[in-house]
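Data first, discussion second: the structure below is written as structure tokens.
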Amino acid sequence: MKLDNVLAGYVAGPRGRDGLCLALLLRERVHARLTVATVQPPAWSAPGPSKAEESAWRAYLREQAAAMLDQARELAGDDAEYVTHPYRGSGRGLLELARRSGADVVVIGSAPGGGKGRIALGSTADQLLHASSVPVLLAPRGFGDDPPPAFERLTLAYRRGPGCDAAIKDAAHTAAVLDVPLRLVTLVVSPGRRRKIEKDMLGRLRDQAAADLRAAARGRSSVDVEVLEGRNVAQALGTTTWLRGEMIICASSDTGPLRRVFLGDTSIKIVKAATCPVMILTRQP
């Protein structure tokens, strides 16, 4: 997986700053090319007297886009390309722009309404996370308020299967490029009250998860493994330590289309419960 060409979707306000600060952190670490894009709805074309209204509307859209990109430039400086892309739907617009520009990853901030330090999925993320041909990196709300100086560790949410086995190679490569350690974690979700037979089954599940992690890490130096257990995904994630400069990687669902991002149920829960940036990979054959 390459990280040479980073595309940051930008909107005015905190969520745009969050995504852009994460994209800048990635750019600075890997010396990538950065494109900052704002997607706006195309102006309508109307006949007759409405032409004057259309002209005013187009001028307003140009001014709005220029103002947003000026805000982005204050953060990212002149060492980036700034683009306005007309499209109906910001997520689909970023998808098209990623294809045109040859982007290796698309970075966006959390949708409005989520808690501070968490990721909320809005329409832009939904479009990207079910159709992108490149990995999608999501910044939690407030990331831009006090971003870490560097990435410190990469954690892959692992579950045995073709998708995650392929994802280990991408995660290991990304960890090497970022010069950070790699950790593999598997989540074991269990109900609070259990009968003996359920406890026995849970014990076997826990043992199998640990064995799968050891097998996945075999042959890779300095890879930590952890089994995280809780009543739900959020509680399981809360049983371990997360560094300030952590990034989580999730594989796409094995049921999704090849070479596309397709978020499965567990990954959705991980994204919503995470307190650090999350990258969703495309599904590999």
Exercise. Decide yes or no on side chain to side chain contact (heavy atoms under 4.5 Å, CB included) for Asp224 and Leu184, but give the supporting numbers first.
Key: CA-CA 6 Å; Asp224 294 327; Leu184 308 182; over 6 Å; no

Self-check item: Ion pair check, Arg92 and Glu96, cut-off under 4.0 Å
Solution: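 No salt bridge links Arg92 with Glu96.
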
Quiz item: So does Arg244 pair up with Glu152, basic N to acidic O under 4.0 Å?
Solution: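 Result for this pair is no, no salt bridge flagged.
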
Is there a donor-acceptor pair under 3.5 Å between the side chain of [X] and the backbone N or O of [Y]?
X      : Y      : value
Ser110 : Ala120 : yes
Glu81  : Thr35  : no
Asp4   : Ala32  : no
Ser132 : Leu129 : no
His173 : Lys169 : no

With side chains defined as the heavy atoms from C-beta onward, is the minimum distance between [X] and [Y] less than 4.5 Å?
X      : Y      : result
Leu128 : Ile108 : yes
Met247 : Leu178 : yes
Asp79  : Leu34  : no
Ile168 : Leu156 : yes
Val105 : Val134 : no
His130 : Asp126 : yes
Lys272 : Leu121 : yes
Thr174 : Leu182 : no

Gap between atom [atom2] of [Y] and atom [atom1] of [X] - 0.5 Å precision:
X      : Y      : atom1 : atom2 : result
Arg153 : Trp242 : CZ    : CH2   : 7.5 Å
Leu95  : Ser90  : CG    : OG    : 9.5 Å
Lys269 : Asn232 : NZ    : CG    : 8.5 Å
Cys276 : Phe151 : SG    : CZ    : 10.0 Å
Met279 : Met1   : CE    : CE    : 4.5 Å
Thr282 : Asp170 : OG1   : CG    : 7.0 Å

Does [X] share a hydrophobic cluster with [Y], counting links as ILVMFWY side-chain heavy atoms below 4.5 Å and allowing steps through other members?
X      : Y      : value
Leu243 : Ile119 : no
Leu22  : Val177 : yes
Val30  : Leu281 : yes

What is the minimum heavy-atom distance between [X] and [Y], and which atoms define it?
X      : Y      : result
Ala236 : Leu228 : O-CB, 3.4 Å
Leu237 : Ala274 : CD1-N, 4.3 Å
Pro148 : Leu25  : O-CD1, 3.4 Å
Tyr158 : Thr186 : O-OG1, 2.8 Å
Arg141 : Gly115 : CB-O, 3.7 Å
Cys250 : Ser267 : CB-OG, 3.8 Å

Quiz item: Is Arg73 positioned over the aromatic face of Tyr82, cation under 6.0 angstrom from the ring centre and no more than 45 degrees off axis?
Solution: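 Checked: cation-pi criterion met.
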
Practice problem: Decide side chain to side chain contact (heavy atoms under 4.5 Å, CB included) for Val185 and Thr240; before the verdict, give the C-alpha distance in whole Å, the side-chain angles of both, and the deciding distance to 0.1 Å. | Solution: CA-CA 10 Å; Val185 301; Thr240 190; 5.7 Å; no

Identify every side-chain donor-acceptor pair in residues 7-18 under 3.5 Å, counting partners at least two apart or on other chains, and give the distances.
{"from": "Tyr10", "atom 1": "OH", "to": "Gln71", "atom 2": "OE1", "distance (Å)": "3.4"}
{"from": "Arg17", "atom 1": "NH2", "to": "Asp145", "atom 2": "OD1", "distance (Å)": "2.6"}
{"from": "Asp18", "atom 1": "OD1", "to": "Phe143", "atom 2": "N", "distance (Å)": "3.3"}
{"from": "Asp18", "atom 1": "OD1", "to": "Gly144", "atom 2": "N", "distance (Å)": "2.8"}
{"from": "Asp18", "atom 1": "OD2", "to": "Gly142", "atom 2": "N", "distance (Å)": "2.9"}

Self-check item: side-chain contact (heavy atoms from CB on, under 4.5 Å) partner of Val39, chosen from Thr124, Leu94, Thr84
Solution: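 Single side-chain contact (heavy atoms from CB on, under 4.5 Å) partner of Val39 among Thr124, Leu94, Thr84: Leu94.
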
Quiz item: Run the side chain to side chain donor-acceptor pair (under 3.5 Å) check on Glu246 and Thr155 step by step: do they pass?
Solution: CA-CA 7 Å; Glu246 193 105 29; Thr155 292; 2.5 Å; yes

Practice problem: Apply side chain to side chain contact (heavy atoms under 4.5 Å, CB included) to Ile280 and Val278, showing your working. | Solution: CA-CA 7 Å; Ile280 311 298; Val278 181; 3.8 Å; yes

Exercise. Starting from the C-alpha separation in whole Å, work towards a yes-or-no answer on side chain to side chain contact (heavy atoms under 4.5 Å, CB included) for Glu63 and Met68.
Key: CA-CA 9 Å; Glu63 291 173 3; Met68 276 197 284; over 6 Å; no

